[in-house]
Protein chains: 4
Amino acid sequence: MPNSSNSTTTPRTKGERRNRDAEVMDAAVRIFYEKGYSGASLQDVANEVGVLKGSLYYYFDSKEDLLLRIMKESHVQSETIFEKVSAKGLDPLDELDEILQELMQWYLDNVERVAIYFNEGRRLTGERLEEVEAAGRRFEQHLYTLLARAKKDGAIGDIDLRLCIRFILGALNSVPTWHKPSKQRRPSDKAITRQFAEMTIKSMSP
Amino acid sequence: MPNSSNSTTTPRTKGERRNRDAEVMDAAVRIFYEKGYSGASLQDVANEVGVLKGSLYYYFDSKEDLLLRIMKESHVQSETIFEKVSAKGLDPLDELDEILQELMQWYLDNVERVAIYFNEGRRLTGERLEEVEAAGRRFEQHLYTLLARAKKDGAIGDIDLRLCIRFILGALNSVPTWHKPSKQRRPSDKAITRQFAEMTIKSMSP
Amino acid sequence: MPNSSNSTTTPRTKGERRNRDAEVMDAAVRIFYEKGYSGASLQDVANEVGVLKGSLYYYFDSKEDLLLRIMKESHVQSETIFEKVSAKGLDPLDELDEILQELMQWYLDNVERVAIYFNEGRRLTGERLEEVEAAGRRFEQHLYTLLARAKKDGAIGDIDLRLCIRFILGALNSVPTWHKPSKQRRPSDKAITRQFAEMTIKSMSP
Amino acid sequence: MPNSSNSTTTPRTKGERRNRDAEVMDAAVRIFYEKGYSGASLQDVANEVGVLKGSLYYYFDSKEDLLLRIMKESHVQSETIFEKVSAKGLDPLDELDEILQELMQWYLDNVERVAIYFNEGRRLTGERLEEVEAAGRRFEQHLYTLLARAKKDGAIGDIDLRLCIRFILGALNSVPTWHKPSKQRRPSDKAITRQFAEMTIKSMSP
DNA sequence: TATGAATGAGAGTTCATTCAT
DNA sequence: TATGAATGAACTCTCATTCAT
């Protein structure tokens with residue numbers, strides 16, 4: 001299930017008339033993560049893929065377009081998680097707990113993509129920026145309604161919910177700032193996600 | 001105490017041919033915040049200051065040097081807070097509470113600097129990078145010893161302290177991602193810092 | 001007689017897998033007219049035809065070759081007119097009058113091709129350039145002998161004939177700079193060609 | 001009066017802290033003339049000036065901006081001529097005659113600029129295009145009112161004036177297509193301008 | 001006939017940096 | 001202190017062309 005590269009799953013057919021779309025995407029993720037969107041050059045990406053930089057334009061229209069595509073892949077992931085957990089029909093607090101753990105596990109597996117999502121999104125402009133911002137608002141809204149239900153149930157205390165969301169997301173989204181994907185995972189992913197979810201829930205308790 | 005620009009405090013006497021070091025710094029903070037270090041050009045900074053691009057080099061040696069100076073100013077601030085609160089000789093949990101509130105207040109007042117601190121620090125290289133990383137480690141170490149004392153007192157539960165620090169700092173450092181300095185502050189700064197500190201302490205409670 | 005696209009006349013039988021040579025040529029004419037030879041890209045042409053860029057090379061050897069072919073089609077036209085009118089055995093001035101009107105009518109019907117002919121011809125190089133220049137000289141030479149005969153007859157005044165040709169061709173060749181093919185033709189084509197021919201003849205009168 | 005480079009007139013002061021604005025402009029005129037706007041590269045211009053291509057951006061904002069500036073210099077010239085001749089208060093036909101000769105002389109002296117003016121103007125876009133088109137309309141309007149006055153006086157026949165202007169300008173503007181500035185001038189400039197003006201006037205005679 | 005993928009060169013443009021004045 | 005002019009490298013992006021399929 002952990003799959004740090006969500007794009008290379010297409011099995012490569014013989015004959016090798018490869019469509020390197022996925023490779024390009026993955027390379028871009030690595031480079032954008034390492035150098036930041038502005039600091040990264042398409043030359044870097046091209047080197048990583050092993051093509052000439054001009055050739056990259058077969059796969060996307062512009063550098064900004066490339067960034068947008070990466071962002072969209074992350075949207076799909078988080079929305080999938082929301083839907084999957086929602087479908088279980090749990091208590092608000094249990095649903096929150098499960099969402100937090102699932103999200104965090106995905107974060108742990110995709111540190112680079114997540115880092116890009118949170119740090120480089122603001123480099124987009126115009127329509128592309130709006131698109132990403134809209135997705136961000138949907139994300140928060142979903143969380144908000146969940147917390148509101150929990151509050152009505154008396155499961156969480158009398159606190160400002162908007163502020164509460166900042167707190168939770170702050171803690172959660174910090175994953176890419178400290179998690180190094182290459183290292184041996186100590187503590188285990190499970191321990192991490194569990195403690196984070198627990199701390200989060202406790203922080204809101206009445 | 002709130003002082004959103006730590007450099008322009010010197011009152012300007014009329015007719016005086018002043019050292020614009022502080023203006024340059026402030027301009028750089030605004031530009032680096034808005035466009036990111038890599039995305040910002042010294043031309044942007046020069047425009048903001050109202051000086052020609054080449055003239056900036058009187059004030060710093062290189063773009064990277066400029067970034068380092070901005071980072072250092074933030075170090076000084078956080079270390080001052082640590083020292084000030086330490087001197088009071090409080091219980092570990094009370095000390096933590098006060099540190100969190102003081103830090104957060106400074107974050108609220110200096111969103112731009114804080115954002116630069118957390119997002120652009122990794123663009124430094126060589127010695128400069130090491131210098132900043134060392135300061136970061138001192139910061140964490142201070143927090144760690146504080147938490148360790150609290151744990152020994154039984155004031156916080158049996159949790160992984162390193163992980164706990166990630167959680168706390170994640171929530172705290174997220175301030176610049178959501179706080180807009182220009183807006184009317186609702187809820188009030190005091191409400192914000194209090195709820196955050198409370199949630200933090202509760203999240204660790206035994 | 002008016003035939004603004006000399007290549008698409010072949011009726012298309014259904015189901016037929018036709019040679020798109022003519023379509024490619026017409027598309028190139030439109031694009032080269034609009035953007036100029038240097039400013040036009042084969043991608044533009046490919047889009048217009050509805051074919052992939054690489055596929056175009058089935059129809060020509062190089063971009064310059066494509067331009068040359070367009071130019072040659074125009075040569076054929078003007079030479080046809082010269083021959084047709086010559087065959088009538090008219091007085092020099094009458095022949096000139098008829099040639100001017102016929103040419104101008106063709107210009108009015110083929111503004112794009114004519115514009116390309118006069119503006120983009122100089123982008124050719126080497127043999128291709130020589131070929132086109134030779135055709136231009138034949139054109140002028142024909143006009144010159146015609147005028148020389150008229151002058152001997154006393155039908156036109158004592159003026160420098162080379163200069164006179166510049167004048168005439170300047171006026172005539174300006175058609176594509178002001179004639180918009182899409183617009184309703186006011187004044188009528190006939191009125192235009194007649195007034196131009198008249199003014200031309202009068203300008204040389206003794 | 002003949003001055004094929006209208007920009008290098010500023011005497012070069014000692015100390016040589018040269019402002020190469022004029023040199024850049026002249027180089028661009030030569031290159032744009034030779035290769036066309038689209039076909040010319042700023043590298044070509046830079047080579048001609050003897051600077052690196054990046055350095056050129058000290059003198060203009062973009063290639064298109066450079067083209068616009070060249071166009072504007074031509075506007076100034078033609079408008080100056082119009083004003084100068086207008087001020088004499090001549091008969092319409094005499095005024096036309098003098099304008100034609102003055103303009104043509106300027107054309108003969110500035111073939112490259114004129115060629116650029118008529119051939120490359122359409123490569124401009126947006127506001128810049130509108131600016132140039134507006135100037136073109138002013139030019140034509142001036143000519144139109146002049147012809148209208150002459151027609152009322154009975155000095156020219158009953159012809160379509162708009163069409164007449166096309167004819168005149170076609171002949172006049174063709175100068176850069178045949179005049180080679182380097183060659184020894186045979187026939188003399190005076191002979192050329194006189195014959196052209198005469199032919200023009202005669203072409204409209206009642 | 002046509003496609004899809006790539007090439008390699010070069011386009012316009014930006015930028016940190018330098019330095020004589 | 002500050003300017004004006006230039007550098008040189010790198011950047012994003014475009015394009016004519018090729019070729020196996």
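Below, chain A is the first sequence line, B the second, and so on; all start at residue 1. What's counted below: heavy atoms across the whole structure, side chains too, no hydrogens, waters or symmetry copies.
In this structure, Y57(C) and S62(C) approach most closely via the heavy-atom pair CE2-CA, 4.2 Å. Listed here is the closest heavy atom pair of Y59(B) and R20(B): OH-CB, 3.5 Å. Across all their heavy atoms, S74(A) and Y117(A) have their closest contact at CB-CD1, 3.8 Å.
Taking atom CG of residue L67(A) and atom P of nucleotide dT12(F), one finds them 13 Å apart after rounding to whole Å. As rounded to whole Å, 16 Å separates atom C1' of dA16(F) from atom CD1 of I31(C). In this structure, L66(A) atom CG and dC11(F) atom P are separated by 15 Å, rounded to whole Å. Here the C1' atom of nucleotide dA6(F) and the CG atom of D21(D) are 15 Å apart, to the nearest Å. At whole-Å resolution of the value, CZ in R123(B) and C1' in dC15(E) are 18 Å apart. The separation between E64(D) atom CD and dA11(E) atom P is 18 Å, rounded to whole Å.
A donor-acceptor pair under 3.5 Å is formed between the side chain of E120(B) and the backbone N or O of Y37(B). Panel note: side chain K63(B), backbone A40(B); a donor-acceptor pair is recorded below 3.5 Å.
OP1 or OP2 of dG4(E) has not a single side-chain nitrogen or oxygen of R20(A) nearer than 4.0 Å. Side-chain nitrogen and oxygen atoms of Y58(C) include none within less than 4.0 Å of the OP1 or OP2 phosphate oxygen of dA2(E).
Proximity note for Y57(D) (side chain, C-beta onward) versus dA6(F), dT17(E), dT13(E): the nearest is dT13(E).
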Would you list the atom pairs, donor with acceptor, under 3.5 Å between side chains in residues 126-133 of chain A and any protein atom, with sequence neighbours excluded?
residue : atom : partner : partner atom : Å
R128(A) : NE   : E64(A)  : OE2          : 3.1
E131(A) : OE2  : K72(A)  : NZ           : 3.2

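The side-chain contact (heavy atoms from CB on, under 4.5 Å) search around F118(A) returns Y107(A), V114(A), N173(A), not counting sequence neighbours. Every residue two or more places apart in sequence or in another chain that forms a salt bridge (charged side-chain N to carboxylate O under 4.0 Å, His left out) with E48(C) is listed here: R30(C). S41(A) meets the side-chain hydrogen bond (donor to acceptor under 3.5 Å, both in side chains) test with D44(A); sequence neighbours excluded.
Listed by first residue number, the stems of DNA chain E with at least three Watson-Crick or G-U pairs below 3.5 Å are E:2-21 with F:2-21.
Toward the 5' end of DNA chain E, the nearer of the two residues S38(D) and D61(B), judged by each one's closest nucleotide, is S38(D). With DNA chain F read from its 5' end, the first of the two nearest nucleotides for F60(A) and K63(C) is the one closest to F60(A).
Going from the P atom of dT1(E) to that of dT21(F) covers 22 Å, rounded to whole Å.
Less than 4.0 Å separates DNA chain E from at least one heavy atom of each of the following residues of residues 39-56 of chain A: V51(A), L52(A), K53(A), S55(A).
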